[in-house]
Protein chains: 4
Amino acid sequence: MPQNKPPKKPAGTASPDRRRELLDTAARVFAAQGYNATTVRKIADAAGMLAGSLYYHFDSKESMLDEILSTFLGELWEGYDAVLAAGLGPRETIEALVTESFREIDRHRDAVAIYQRESRHLALQPRFGYLADSRQKFEKAWLGTLERGVADRVFRADLDIRLTYRYVRDTVWVAASWYRPHGRHSPEEIARQYLSMVLDGIAVRD
Amino acid sequence: MPQNKPPKKPAGTASPDRRRELLDTAARVFAAQGYNATTVRKIADAAGMLAGSLYYHFDSKESMLDEILSTFLGELWEGYDAVLAAGLGPRETIEALVTESFREIDRHRDAVAIYQRESRHLALQPRFGYLADSRQKFEKAWLGTLERGVADRVFRADLDIRLTYRYVRDTVWVAASWYRPHGRHSPEEIARQYLSMVLDGIAVRD
Amino acid sequence: MPQNKPPKKPAGTASPDRRRELLDTAARVFAAQGYNATTVRKIADAAGMLAGSLYYHFDSKESMLDEILSTFLGELWEGYDAVLAAGLGPRETIEALVTESFREIDRHRDAVAIYQRESRHLALQPRFGYLADSRQKFEKAWLGTLERGVADRVFRADLDIRLTYRYVRDTVWVAASWYRPHGRHSPEEIARQYLSMVLDGIAVRD
Amino acid sequence: MPQNKPPKKPAGTASPDRRRELLDTAARVFAAQGYNATTVRKIADAAGMLAGSLYYHFDSKESMLDEILSTFLGELWEGYDAVLAAGLGPRETIEALVTESFREIDRHRDAVAIYQRESRHLALQPRFGYLADSRQKFEKAWLGTLERGVADRVFRADLDIRLTYRYVRDTVWVAASWYRPHGRHSPEEIARQYLSMVLDGIAVRD
DNA sequence: CATGAATGAGAATTCATTCAT
DNA sequence: AATGAATGAATTCTCATTCAT
């Protein structure tokens with residue numbers, strides 16, 4: 001990791017720092033109000049500039065959304081791919097994926113919230129086709145792991161496997177709707193408790 | 001029934017069947033595209049009429065949303081209240097609430113999806129204050145039951161109780177996002193499997 | 001010609017009469033100020049309505065332009081095709097085409113002015129591809145007639161034929177920039193004088 | 001040369017070569033896309049700089065247009081005045097003016113194209129009042145020459161003289177719309193053929 | 001000389017809503 | 001009940017222009 005921050009103007013379209021700053025602001029507003037209900041003016045207000053000025057940095061409101069989501073998914077898959085490449089057993093893979101997910105929620109809370117709310121209809125547009133791709137890859141990874149777990153007798157065989165998949169998936173990701181970064185619990189701690197519930201249930205064992 | 005219908009407003013004119021039909025159509029579009037992204041024209045298209053014609057039946061787009069949500073919540077609480085009045089133990093209460101919830105998802109799938117997506121910010125508007133009320137009442141019922149269960153040693157005591165509450169709540173309601181009425185499983189069957197996972201977890205017991 | 005004006009609402013997108021009225025207004029403003037310099041607001045002002053109201057009738061400012069130009073070209077080619085099908089000699093064909101052109105200028109003065117000013121760059125856009133097609137068909141008809149005339153020794157052989165083509169073509173169409181319908185001269189009278197100059201020149205014969 | 005250059009305005013700063021270069025670039029883009037449709041950014045792109053940088057050289061987009069047109073008209077009138085001062089007969093004057101015009105088209109093709117497209121409405125603005133003046137002076141020169149020619153029985157007397165004037169004027173200047181400098185024909189050769197058509201027509205004499 | 005970032009005044013377009021018929 | 005036509009406010013986006021560096 002180089003220490004030297006960009007000494008001269010970095011090449012490319014514009015300062016990536018400012019870009020990231022503005023995208024963070026935009027993500028915050030999108031997450032709070034929903035993409036459609038967010039006007040460019042609101043974003044600009046939150047960034048302390050005029051609406052038109054945003055267009056120096058971005059082509060359109062949609063391209064901001066695009067960049068927010070694709071950046072998030074990029075980093076998510078970096079983490080997931082590392083987990084999936086580690087050759088863990090099914091239970092350990094699920095544990096690692098869940099933990100990784102909570103870390104991503106911690107780092108990209110707004111992007112996750114936006115993703116939850118908007119991805120379904122966005123995925124229909126060609127521009128956001130990667131959302132559909134990601135969803136499919138996602139399903140393959142999680143469902144495959146669960147199936148492996150059932151085969152290995154690590155996970156229960158009496159449940160509808162797709163139902164289980166949806167259950168585990170949703171269970172993790174809806175957390176983004178109430179999770180506050182740097183709150184009482186660290187992502188790892190939340191992951192631990194969630195895993196405990198998902199794997200062992202909330203009922204006391206007889 | 002009072003004689004004084006609103007003098008000019010066409011709020012409750014004519015056939016309640018047509019009204020319900022139109023609301024179902026509206027709910028379908030709202031659920032599919034999001035409230036904000038849904039134009040009155042899209043609803044009218046789906047209903048086979050022109051945008052302006054909807055205003056014979058309803059005051060505004062917002063009043064359609066209002067009626068959809070309040071009808072849904074009314075029926076939901078009818079069911080919940082019956083359960084809560086039955087004097088069941090904590091585990092049985094949770095089981096009954098979950099089952100009732102899946103039944104509501106089955107009957108009001110679109111309304112539930114709309115509720116999930118929009119209730120948070122709608123609740124801030126005075127008109128939709130009942131959403132906030134309902135949420136609070138909801139939390140009281142579920143959280144109270146869980147607490148009673150922990151006290152009765154029916155539910156695990158080692159979990160953060162608010163985390164558990166959110167977990168159970170979300171776990172059930174997100175199902176609306178993928179649930180298709182008249183699909184492979186009946187609501188009761190889905191409830192049964194969900195409960196099995198929530199209560200006992202998905203891991204095989206040693 | 002039926003006397004009866006539309007007794008009931010005509011089918012289709014909207015009353016074609018109103019549509020035509022608005023297009024005439026738009027064409028007038030486009031011709032006077034140029035397409036780019038014309039704001040929708042100016043058109044709306046000229047039509048006595050608000051800018052947004054135009055969108056009830058048309059998809060966009062561009063689609064108004066499109067409809068103006070395609071209607072004009074449609075009628076132009078109706079006239080030209082009739083002339084070309086008549087089996088006249090080269091000189092008579094040129095005379096008939098010129099006369100027909102002045103008639104079109106008389107009927108579609110604004111559309112012609114717009115065409116002159118905008119067709120070149122519009123033709124590059126796919127939507128206005130028909131402009132390029134028309135230009136090509138146009139060249140074929142005129143240039144072909146001139147060539148036939150040279151072969152028949154009706155037109156001079158000592159001139160660059162493409163230069164002659166451009167000369168005749170431009171000579172006719174620029175007239176639209178100053179021509180006022182219902183002015184001192186009828187289109188036929190103007191055509192006659194133009195033809196006299198084009199065919200015989202302006203110099204006194206020795 | 002006065003010392004008092006404009007205090008803050010960068011109007012006439014530095015290298016006149018660079019200035020001319022940039023104006024040529026601007027003229028090229030104006031001619032290709034139209035003045036209104038040309039953004040400062042497009043000009044800057046074509047010049048290999050950023051939009052803001054142009055303002056070091058010019059006050060405004062309009063002042064670029066102004067300089068392009070006034071430079072062109074200045075040189076045009078230099079040529080015309082020489083012709084008009086030469087004391088030629090009407091026919092020879094027309095011949096000389098036409099030839100001079102094609103030379104100007106050759107040298108200022110873009111400026112001529114811009115002039116054709118924009119002068120009519122620009123002339124209404126005070127800043128471009130010289131366009132109206134020029135047009136008037138132009139008409140006086142050409143129309144006067146034609147009238148003299150009719151009086152001298154060099155030109156036909158049976159034609160509407162204003163129609164003839166427009167005919168000759170347009171006939172020459174529209175050539176700018178298709179003329180490519182350094183093309184097959186020299187300006188003098190094109191002038192020769194045009195004159196031959198204008199004076200003697202394109203029909204074979206009996 | 002040129003850049004990067006912003007401004008601010010429109011521009012086109014959308015859309016909930018109204019209302020006479 | 002429904003239509004056709006319009007309103008008017010808001011929204012996204014564009015662009016000439018400015019200015020500190």
Side-chain angles (χ1 to χ4, degrees), chain A residues 8-10 13-15 18-19 22 36-44 47-64, chain B residues 8 10 13-15 18 22 36-44 47-64, chain C residues 8-10 13-15 18-19 22 36-44 47-64, chain D residues 8 10 13-15 18 22 36-44 47-64:
Chain A
K8 306 210 171 168
K9 301 288 164 81
T13 323
S15 156
R18 186 75 176 115
R19 223 183 150 69
L22 292 171
N36 278 299
T38 298
T39 68
V40 236
R41 199 174 169 288
K42 281 180 192 161
I43 302 173
M49 56 178 12
L50 291 176
S53 308
L54 283 171
Y55 289 81
Y56 178 76
H57 301 276
F58 305 98
D59 283 347
S60 64
K61 181 182 158 188
E62 195 180 78
S63 81
M64 292 187 233
Chain B
K8 291 280 174 182
T13 338
S15 153
R18 186 78 177 112
L22 292 172
N36 275 303
T38 298
T39 69
V40 178
R41 196 176 175 287
K42 280 180 193 158
I43 302 172
M49 54 177 24
L50 290 179
S53 308
L54 281 172
Y55 288 79
Y56 179 80
H57 301 276
F58 305 97
D59 282 347
S60 65
K61 182 183 162 189
E62 199 183 67
S63 79
M64 291 186 234
Chain C
K8 306 212 170 169
K9 301 289 162 83
T13 322
S15 154
R18 187 75 176 116
R19 221 183 152 69
L22 291 171
N36 278 300
T38 298
T39 69
V40 235
R41 198 174 171 288
K42 280 179 193 160
I43 302 172
M49 56 177 15
L50 291 177
S53 307
L54 282 172
Y55 289 81
Y56 178 76
H57 301 276
F58 306 98
D59 283 346
S60 64
K61 181 182 158 189
E62 196 180 77
S63 78
M64 292 188 232
Chain D
K8 292 278 172 183
T13 337
S15 152
R18 186 80 177 108
L22 291 172
N36 276 303
T38 297
T39 69
V40 179
R41 197 176 174 287
K42 278 180 194 158
I43 302 173
M49 52 176 27
L50 291 178
S53 309
L54 281 172
Y55 286 79
Y56 179 80
H57 302 276
F58 305 98
D59 283 348
S60 64
K61 181 182 162 189
E62 198 181 71
S63 78
M64 291 186 234

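Here is how names work: the chains are called A, B, and so on, in the same order as the sequence lines, proteins then strands, and each is numbered from 1.
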Hits for side-chain contact (heavy atoms from CB on, under 4.5 Å) against C:V40, two or more places apart or cross-chain, chain-then-number order -> C:L54, C:Y55, C:M64
Heavy atoms of A:A51 and A:R41 approach each other most closely as CB-CA, 4.1 Å
Quiz prompt | Phosphate-side-chain proximity, A:H57 and E:dG4, N/O vs OP1/OP2 below 4.0 Å | solution = no
Here the distance between atom P of E:dG8 and atom CG of A:L50, to the nearest Å, is 6 Å
Protein-proximity profile, nucleotides 16-21 of chain F, B/S/- by nucleotide at the 4.0 Å heavy-atom cutoff, equals SBB---
To the nearest angstrom, the CZ-P distance between A:R18 and E:dA5 comes to 9 Å
Taken in chain and number order and not counting sequence neighbours, the residues that satisfy side-chain contact (heavy atoms from CB on, under 4.5 Å) with A:S53 are A:M49, A:L50
When rounded to whole Å, the CZ to P distance for the pair C:F58 and F:dA5 reads 11 Å
By nearest-heavy-atom nucleotide on DNA chain F, the more 5' of A:A37 and C:L54 is C:L54
In DNA chain E, stems of three or more consecutive pairs, Watson-Crick or G-U, each with both distances under 3.5 Å, turn out to be E:2-21 with F:2-21
Per atom distances to the D:M49 side chain, the nearest of E:dT7, E:dT3, F:dG4 is E:dT3
A:H57 and A:R19 have their tightest heavy-atom pair at O-NH1, 2.8 Å
Applying side-chain hydrogen bond (donor to acceptor under 3.5 Å, both in side chains) to A:K61 and not counting sequence neighbours gives none
Residues passing the side-chain contact (heavy atoms from CB on, under 4.5 Å) test with D:S63, sequence neighbours excluded, are D:F58, D:D59, D:S60, D:R127
(Q) So, OP1 or OP2 of E:dA5: does either fall under 4.0 Å of a side-chain N or O from A:Y56? (A) yes
